[in-house]
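Worksheet for the structure shown next.
Source: prediction; values computed, not measured.
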Amino acid sequence: MGDALIQAARAAQANAYAPYSRYAVGAALETADGRIFPGANVESAALGLTNCAERVALGAAVAAGAREFTRIVVVTDSSPPAAPCGACRQVLAEFGSDITVEAVGPSGARRWRLGDLLPDAFGHADLER
């Protein structure tokens, strides 16, 4: 049957709204208690207003009360598979550096620890000084 997180990300990718770039991205975020939150990229003609799949998934999870995450899968049609952008890395880092990040594409997968993708991340603790 396969990995449920990858399946959820692929299903979300199929629903991406990407009429400008034609670059559909799906993501699925897993919480510490095992819930899965999917997300797809949503583009806008005003490109700066585009939402990445990772942040859509994170927003849904946070809206449902989740605050602890173990893994996120990002599915693209890129070879090699594309890692999350810097903005997504920063927003995910609000919830910890030990999140496993997996990028899946047609030719395989790549895996990192979020803290390795974004070392020395800026976070809420920096604002409390």
Would you find a donor on one side and an acceptor on the other, under 3.5 Å apart, between the side chain of [X] and the backbone of [Y]?
| X | Y | value |
| --- | --- | --- |
| R71 | E102 | no |
| E43 | S21 | yes |
| Q13 | A24 | yes |
| R89 | L117 | yes |
| N41 | A18 | no |
| T31 | F69 | no |
| R67 | V62 | yes |

For [X] and [Y], work out which heavy atoms get closest and say how close.
| X | Y | value |
| --- | --- | --- |
| I36 | P38 | O-CD, 3.8 Å |
| W112 | A83 | CH2-CB, 3.6 Å |
| P80 | S107 | CA-OG, 4.5 Å |
| V74 | A82 | CG1-O, 4.3 Å |
| P81 | R110 | O-NH1, 2.7 Å |
| S79 | P106 | OG-CG, 3.5 Å |

How far does [atom1] of [X] sit from [atom2] of [Y], to the nearest 0.5 angstrom?
| X | Y | atom1 | atom2 | value |
| --- | --- | --- | --- | --- |
| I72 | F95 | CD1 | CZ | 11.0 Å |
| F37 | L58 | CZ | CG | 10.0 Å |
| E68 | I99 | CD | CD1 | 10.0 Å |
| L114 | T100 | CG | OG1 | 9.5 Å |

Task: 4.5 Å side-chain heavy-atom contact, T50 and Y20 - done: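 A side-chain contact under 4.5 Å is absent here.
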- [ ] Step through the shown structure and confirm whether more than 12 heavy atoms of other residues, nucleotides or ligands are within 6.0 Å of CG on D33.
- [x]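 Above 12, so yes.
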- [ ] Using the rule that two of Ile, Leu, Val, Met, Phe, Trp, Tyr join whenever any of their side-chain heavy atoms come within less than 4.5 Å, decide whether I6 and V101 are in one cluster.
- [x] no
- [ ] With V104 as reference, evaluate L5, D3, V75 under the side chain to side chain contact (heavy atoms under 4.5 Å, CB included) test and give the passing residue.
- [x] V75
